[in-house]
Amino acid sequence: MSSRLQSIIDTRGPIRTVGVIGMGYVGIPAAVLFANAPGFESVRGFQRDSPSSGYKVAMLNRGESPLKGEEPGLEDLLGRVVGAGKFRCTSDFSQIAECDAVTLAIQTPFKDPKDLIPDFSALIEGLRAAGRHLSEGTLVVLESTVTPGTTTGMAREILEEESGLVAGEDFCLAHAPERVMVGRLLRNIREHDRIVGGIDDVSTRRAVELYSPVLTTGKIIPMTATAAEVTKTAENAFRDLQIAAANQLALHCEAMGVNVYDVRAGIDSLKGAGITRAILWPGAGVGGHCLTKDSWHLERGAQVLGHGDLWYPHGAESIFGVARKINEFMPRHMVHLTLEGLKRTGKSPEGAKIALLGWAFIQNSDDTRNTPAEPYLAAMEEAGAKVRVHDPFVNDYPGIEVSHDLDEALAGADVVTVFTAHHHYASLDPVRVKELSGREHPVIVDGRNVVDPDAFIRAGFIYKGIGRGDRNSHPVAP
Ligand code: SAJ
């Protein structure tokens, strides 16, 4: 622990001004909650003035949220902190010099999972901007999910190179990973426990000072920066693994003619001391910015930080890698179910009309990052089908026309495929859908168990559902 750094912090006093780099799903709610905390005088949101996202600066300064999906409380709180002059967004990164603490909430996708190469270009740019305007005693926090070893390694090096200062001596550095889900951003930040990992004790304490005021029921869990990185990547890798186990079980249930949802309810019923049954939900695939890559960050950490000391058969796939492959397989399984359904109507995919319901990767959101619907669409178009996409939340997507008109999307459809469990689809009326399709036996492929198979079968549909071995070979209603 550096007494020098502690005395710099003591001289600087409590954190008053906060900067948040990256105005996205993580940065915007974080900045608004910092601004809402009475102890912080002002919060700056830093956003590059790029063609794709520069528009956010003016929008945020008008108190409007650029995030489209349902985000309870966000727009109100944003309006209040902007109105009170506590939050302002800017693309002038030199104002970082006025901040006591700076957080980075920037995307960290993977360029090539096969060779475990992440794309840290946006993060590096953010770190360089922070480093260029860093002053003694500033706290820098990485909120982005990163490969274990990044905070004490690459991030530290770049910040020191740009600032000429030394982490742990002249400024504080920590990792405090975000744990938010779209649709409940504010609640997650307030209520989830916060993992806080400094590169040293002074940094950890300073980061605890930053996050404590925004927590309501959540508590701080302090640890080292690298342990915090492993915690974050591992909790997502475990979730991906649990989903993969549910998906594998669904495939087995289809083969055995059993309803996976009955089995799931049965397994879930075993409760009691020492018994944790976190069986998740099978489905059409795993999307989003997190589960689709964080296993690879964990794998890379074990490789890089482990310096080859990973005592595991060389070249053997880790369970996290296998889980990724199972979840990546599910959209292809949706293709299989679609082709099987068409076959039952004596049709081939060539020229078939498909209504794809749900483009967002998760229900009741506009978030389309790594949507599992995309590989399905590509495969069906390759098979010669015409696919119309409907999603009530998604306005636009490069190269894809997304309709908000459900009747128009369903008109003339040979197949209706449900990819996202938006609440709109729970009330699909089989008689109405059949009318719109105009087919004697349209096919319905349910990737999220949102429709009642029997109601659709009675209406003359060919039904196919993930994990519904009990219905997927049903007799066709006359
Ligand atoms: N999914 C399933 N079955 C399930 C749960 C999810 O197929 O039982 C699918 C969803 O449809 C979606 C994908 O997985 O396509 C991801 O869904 P998610 O509910 O995991 O949503 P994320 O990725 O936004 O949130 C995860 C969460 N991680 C954990 O719970 C460990 C969240 O807490 C993290 O903050 C977030 O990743 C992140 O940002 O890392």
Side-chain angles (χ1 to χ4, degrees), residues 22 24-30 67 69 71 105-110 142-146 175-195 218 228-251 260-261 264 267-268 277-298 320 323-324 326-331 333-334 357-376 391 418-422 425 446-450 466-467:
Y25 289 98
V26 175
I28 293 172
L67 307 180
E71 281 306 340
I106 296 172
Q107 299 218 13
T108 51
F110 247 78
L142 267 65
E143 293 201 0
S144 309
T145 306
V146 290
H175 180 53
E178 56 81 14
R179 300 173 116 182
V180 296
M181 264 192 208
V182 286
R184 47 192 115 153
L185 297 173
L186 289 183
R187 234 183 73 210
N188 283 168
I189 295 175
R190 285 172 163 150
E191 298 175 2
H192 281 337
D193 292 347
R194 191 80 195 210
I195 307 286
E229 292 161 336
V230 175
T231 301
K232 173 62 191 186
T233 49
E235 71 186 15
N236 275 349
F238 267 75
R239 184 171 177 80
D240 199 42
L241 185 58
Q242 286 163 322
I243 298 169
N247 282 330
Q248 185 80 72
L249 179 61
L251 299 173
V260 71
Y261 297 96
R264 188 191 171 282
I267 293 174
D268 202 40
R277 284 280 176 277
I279 179 163
L280 294 179
W281 302 90
V286 169
H289 178 60
C290 314
L291 271 58
T292 51
K293 66 161 175 52
D294 291 350
S295 304
W296 304 128
H297 277 301
L298 181 64
F320 303 117
R324 270 289 67 232
I326 294 169
N327 291 337
E328 280 166 0
F329 168 74
M330 296 315 283
H333 185 58
M334 288 291 283
L357 306 186
W359 192 253
F361 85 85
I362 201 159
Q363 61 275 7
N364 307 327
S365 160
D366 72 322
D367 195 336
T368 57
R369 290 174 293 174
N370 301 313
T371 176
E374 190 157 22
Y376 173 84
D391 194 300
V418 180
F419 248 88
T420 316
H422 292 319
Y425 303 140
D446 188 352
R448 299 289 175 189
N449 203 40
V450 292
I466 294 266

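Starting from 1, each residue takes its place in the sequence as its number. One-based numbering, in listed order, for ligands and for the atoms of each.
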Do Glu143 and Arg194 sit within salt-bridge range, that is, some charged N less than 4.0 Å from a carboxylate O? yes
Ordered by chain then number, the protein residues lying under 4.0 Å from ligand 1 by heavy atom are Glu178, Arg179, Val180, Met181, Lys232, Glu235, Asn236, Arg239, Ile243, Leu280, Trp281, Gly285, Val286, Gly287, Cys290, Leu291, Phe361, Ile362, Arg448
Using only atom types and a distance under 3.5 Å, with no angle test, would you say the side chain of Thr108 pairs donor to acceptor with the backbone of Val146? no
Short side-chain to backbone donor-acceptor contact, Arg448 and Val418, under 3.5 Å: no
Heavy-atom distance under 4.5 Å between the side chains of Glu71 and Leu186, does that happen here? no
Do Asn188 and Arg179 have side chains that get closer than 4.5 Å, going by heavy atoms? no
Could you label the plane-to-plane angle of the Phe110 and His297 rings as parallel, tilted or perpendicular, counting under 30° as parallel and over 60° as perpendicular? perpendicular
